[in-house]
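Heads up, the thing below is written out as structure tokens.
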Amino acid sequence: MTGLLLLNGCSVTQQDNPIQQNEEKSYVPYVIIDGDIYYSYELNDEYTKEEVLAEVIKKVVPSDTIVKEDLTSNYYNEGTLIYTVKEDNEVLIIEKETGDEILKRYE
């Protein structure tokens with residue numbers, strides 16, 4: 001009789017904090033605007049850019065702490081444009097050289 005050994009692994013995810021995705025210290029890109037956290041969000045909906053809301057003025061190095069200083073980010077570069085959208089006031093579009101990215105307000 002031959003013995004069979006199966007190994008199975010998984011990653012632990014913190015569901016209550018989208019900014020820190022898992023124990024390997026992988027972080028979701030975010031921007032702080034007027035004290036609210038807007039994080040990168042995969043939405044299948046189409047959004048229409050309206051007007052420039054702001055520019056990211058300071059980049060923060062990713063860490064376990066979220067710096068609540070207005071217009072800071074753990075990912076986006078200084079000068080990155082942030083747009084409001086017509087369809088949803090809790091969604092923003094951030095303009096990147098590689099294409100626009102959707103940000104959603106964290107509740």
Side-chain angles (χ1 to χ4, degrees):
M1 181 170 169
T2 306
L4 179 62
L5 175 63
L6 290 175
L7 297 176
N8 190 7
C10 64
S11 175
V12 177
T13 301
Q14 290 183 313
Q15 296 297 326
D16 60 340
N17 186 356
I19 306 305
Q20 182 181 348
Q21 287 184 326
N22 63 41
E23 62 185 18
E24 284 89 28
K25 305 292 187 221
S26 171
Y27 297 91
V28 172
Y30 72 84
V31 173
I32 303 294
I33 299 173
D34 295 329
D36 290 326
I37 301 170
Y38 288 81
Y39 61 94
S40 179
Y41 197 77
E42 300 252 349
L43 293 174
N44 295 329
D45 299 334
E46 295 281 327
Y47 293 103
T48 309
K49 285 184 196 176
E50 283 198 308
E51 58 188 52
V52 174
L53 175 67
E55 286 185 22
V56 177
I57 58 169
K58 183 178 179 183
K59 185 176 179 180
V60 177
V61 177
S63 68
D64 289 344
T65 340
I66 297 172
V67 177
K68 285 278 201 164
E69 187 178 335
D70 198 31
L71 297 173
T72 59
S73 174
N74 68 338
Y75 179 77
Y76 304 107
N77 294 319
E78 182 176 333
T80 302
L81 296 178
I82 304 166
Y83 292 85
T84 58
V85 299
K86 182 179 181 179
E87 295 80 8
D88 188 340
N89 64 353
E90 294 193 0
V91 172
L92 300 173
I93 292 178
I94 197 150
E95 189 174 80
K96 294 176 34 180
E97 290 179 14
T98 57
D100 293 344
E101 195 166 309
I102 302 295
L103 299 177
K104 183 172 180 168
R105 188 170 68 85
Y106 177 65
E107 297 177 13

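In what follows, every heavy atom counts, from backbone to side chain, and hydrogens, waters and symmetry copies are set aside.
- Here the side chains of I33 and L71 are in contact, with some heavy-atom distance below 4.5 Å.
- For the atom pair K104 NZ and Y39 OH, the distance stands at 6.5 Å (nearest 0.5 Å).
- Side-chain contact between Y75 and K96: present, with at least one pair of heavy atoms (C-beta onward) separated by less than 4.5 Å.
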Pair up each side-chain donor or acceptor in residues 50-58 with any protein partner under 3.5 Å, not counting sequence neighbours, and list the distances.
from : atom 1 : to  : atom 2 : distance (Å)
K58  : NZ     : E69 : OE1    : 3.4

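- The structure places CG of D36 at 7.0 Å from NZ of K68, a figure rounded to the nearest 0.5 Å.
- Atoms OH and OG, from Y30 and S73 in turn, are 7.0 Å apart once rounded to the nearest 0.5 Å.
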Pair L103, I93 - check side chain to side chain contact (heavy atoms under 4.5 Å, CB included), show working.
CA-CA 6 Å; L103 299 177; I93 292 178; over 6 Å; no
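- Contact of the P29 side chain with the N74 side chain is registered, since non-hydrogen atoms from C-beta on lie closer than 4.5 Å.
- The number of heavy atoms from other shown groups lying within 6.0 Å of OH (Y47) is above 12.
- Partners of D100 according to the salt bridge (Lys or Arg N to Asp or Glu O under 4.0 Å) rule, which considers only residues two or more places apart in sequence or in another chain, are K49.
- Among residues two or more places apart in sequence or in another chain, the side chain to side chain donor-acceptor pair (under 3.5 Å) test is passed with E87 by T48.
- Taking OH of Y38 as the reference point, atom CD1 of I94 lies at 12.0 Å (rounded to 0.5 Å).
- Annotation: side chain of L92 is not in contact with side chain of V31 (no heavy-atom distance under 4.5 Å).
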